[in-house]
> 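Pasting in a structure now, in structure tokens, and then I'll have a few things to ask.
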Amino acid sequence: MAWEAVVGGDQSAVGGTGQDILFSTEELPDGVLIADARGRVVAFNRMAAHLTRTRSDSAIGRDFRDVLPLQDAEGRDWWKCTDPYGGLAIRVRQPERVLLLPDGREVMMAARYVRERPCGQVTRLVVTLRDAAHRARSERSRADLVSTVAHELRSPLTSVKGFTATMLAKWDRLNRTQKLFMLETVNADADRVTRLITELLDVSRIESGRLEMRRQVVDLAERTRRVITGRIAAGDAVDRFRLDVRGPLPELWLDSDRVDQIMSNLVENGVRHGAGTVTIVIEPFEGGAAVSVRDEGEGIAPDAVPRVFRQFWRNKRRGGTGLGLFIVKGLIEAHGGAITVGRAPSGGAEFRFTVPAGTPEFV
């Protein structure tokens, strides 16, 4: 029997054992409980049994309140508060909300009141259940984000506020060297705040699928040279970097700004967390290109590899926000590529990503 027939109007199916309903609801990804006009359970699918840890055969025929006791956050009996079979006759549903099982586990519950006619008696109560663990993880992730942002913003903003207040109060007593030092610090901290905000916007776009790619023909080797030149201009030693371009590359249609962002993050990661020379190898790969960024440091522990591209992952030094590699992965995948991490031939970490070749027609 189809699910639409069960919920729609074929009420004869709700009498008896409810085996037809069980068969149709087993295919649903959510837990389902259906009670008849007397409040007796006539359907209790496998997912509902899994979430409530109650056997399906023991649930059939019992009062739904005994099979599915739920409490709100204040510990009140949810069914006594809502009274599905009494209460307001105009109600037809309960929106999804988080409720607690007797053992304290959270579930997402929604309900539908099937009435014989508008404002009539409830002839069937349909309850759906979902595990709230994913929601809890999402809330923890958001809490981590807020905590990280607050921590990362506090330091530069405190510095900006302190130096600005000092210059305003003691401008005439400061010499030129002191003024220059304070202004340079304020400028650097402002750049740090800007980078953090940019990272947060990128994370939001990646997670929501709103990341836009402005593709054009990109010389991957030349973009990498510019990134290296920028690092050297910022004070890194010339011999800290080595670029190895192996063979001619196909025409690559990529977002040049995003490529700069990817390479800057990976090179900075190698400089900050690695040691020795940071080697960038660019070579053709399956019609596209592969880029390997290698350092000569300690590398990444095997047990940490699955967590490297997660938000807020940091190594033992705990430098940065922990968002850089997550953003890198999102940008590469938005280009249709993939990234992996492993051990470099020199013993350090190796981040290797691939990007496919594109065509104007693709763009």
Side-chain angles (χ1 to χ4, degrees), residues 134 137-138 140-142 144-145 148-149 195-224 226-227 249-270 272-274 278 280-295 299-300 302-315 320-344 349-363:
H134 176 71
R137 288 193 296 270
S138 297
R140 285 196 298 271
S141 178
R142 286 193 291 269
D144 288 342
L145 179 62
T148 300
V149 171
R195 284 196 302 271
L196 176 59
I197 294 173
T198 301
E199 286 183 348
L200 294 174
L201 289 173
D202 285 337
V203 168
S204 174
R205 294 187 184 106
I206 290 170
E207 291 187 328
S208 63
R210 294 184 289 107
L211 192 64
E212 296 182 0
M213 293 287 109
R214 296 179 175 85
R215 297 177 184 261
Q216 57 184 324
V217 177
V218 171
D219 186 335
L220 195 54
E222 180 58 30
R223 306 303 299 193
T224 303
R226 292 187 182 184
V227 170
L249 301 176
E251 187 176 82
L252 300 171
W253 284 75
L254 308 170
D255 186 317
S256 59
D257 292 335
R258 298 301 187 182
V259 168
D260 290 347
Q261 192 174 356
I262 292 168
M263 295 308 305
S264 296
N265 268 290
L266 292 178
V267 171
E268 180 179 359
N269 185 78
R272 176 181 295 180
H273 304 297
V278 177
I280 302 100
V281 179
I282 304 176
E283 57 191 337
F285 178 79
E286 295 183 356
V291 180
S292 300
V293 181
R294 305 165 178 168
D295 63 65
I300 298 173
D303 61 333
V305 168
R307 304 190 299 272
V308 167
F309 297 108
R310 294 180 184 175
Q311 292 185 36
F312 311 118
W313 180 85
R314 303 175 185 179
N315 69 356
T321 62
L323 296 174
L325 292 177
F326 173 82
I327 294 172
V328 164
K329 183 175 183 289
L331 296 179
I332 291 171
E333 291 178 346
H335 280 95
I339 184 170
T340 58
V341 60
R343 182 163 291 277
E350 177 185 55
F351 288 88
R352 177 180 172 85
F353 71 89
T354 59
V355 287
T359 64
E361 290 77 15
F362 172 74
V363 177

> List for me each residue that meets salt bridge (Lys or Arg N to Asp or Glu O under 4.0 Å) alongside Arg210, sequence neighbours excluded, and say none if there are none.
none

> Judged by atom type as modelled, is there a donor-acceptor pair below 3.5 Å linking the side chain of Asn265 to the main-chain atoms of Gln261?
yes

> Does some side-chain heavy atom of Met263 sit less than 4.5 Å from a side-chain heavy atom of Phe353?
yes

> Could you go through the side-chain contact (heavy atoms from CB on, under 4.5 Å) check for Asn269 and Val328 one step at a time?
CA-CA 11 Å; Asn269 185 78; Val328 164; over 6 Å; no

> Under the rule for salt bridge (Lys or Arg N to Asp or Glu O under 4.0 Å), what residues qualify as partners of Asp260, not counting sequence neighbours?
Arg223

> Which residues satisfy the side-chain hydrogen bond (donor to acceptor under 3.5 Å, both in side chains) test with Ser256, sequence neighbours excluded?
Gln216

> Return the CG to CD1 distance between Leu201 and Ile327, rounded to the nearest 0.5 Å.
9.5 Å

> Which heavy atom in His335 sits nearest to a heavy atom in Leu331, and how many Å separate them?
ND1-O, 2.9 Å

> Mind checking the CD1-OG1 spacing from Ile282 to Thr224? Nearest 0.5 Å is all I need.
3.5 Å

> State which residues pass side-chain contact (heavy atoms from CB on, under 4.5 Å) with Glu212; sequence neighbours excluded, sorted by chain then number.
Arg214

> Does a side-chain heavy-atom distance below 4.5 Å link Val218 with Trp253?
no

> For the residue pair Leu325 and Leu266, establish whether any side-chain heavy-atom pair is separated by less than 4.5 Å.
yes

> Kindly write out the residues that satisfy salt bridge (Lys or Arg N to Asp or Glu O under 4.0 Å) with Arg205, not counting sequence neighbours, or none if the list is empty.
Asp202

> Rounded to the nearest 0.5 Å, what separates atom CE in Met213 from atom CG in Asp255?
5.0 Å

> When you measure from the side chain of Asp295 to the backbone of Ala349, do you find a donor-acceptor pair of N or O atoms at a distance under 3.5 Å?
yes

> Report all side-chain donor-acceptor pairs from residues 283-294 shorter than 3.5 Å, counting only partners two or more places apart or in another chain.
{"unit_1": "Glu283", "atom_1": "OE2", "unit_2": "Arg352", "atom_2": "NH1", "d": "3.1"}
{"unit_1": "Ser292", "atom_1": "OG", "unit_2": "Arg352", "atom_2": "NH1", "d": "3.2"}
{"unit_1": "Arg294", "atom_1": "NE", "unit_2": "Glu350", "atom_2": "OE2", "d": "2.5"}
{"unit_1": "Arg294", "atom_1": "NH2", "unit_2": "Glu350", "atom_2": "OE2", "d": "3.0"}

> Of all heavy-atom pairs between Pro356 and Leu254, which one has the smallest distance, and what is that distance?
O-CD2, 4.5 Å

> Hey, does Ile300 have a side-chain heavy atom less than 4.5 Å from the side chain of Phe351?
yes

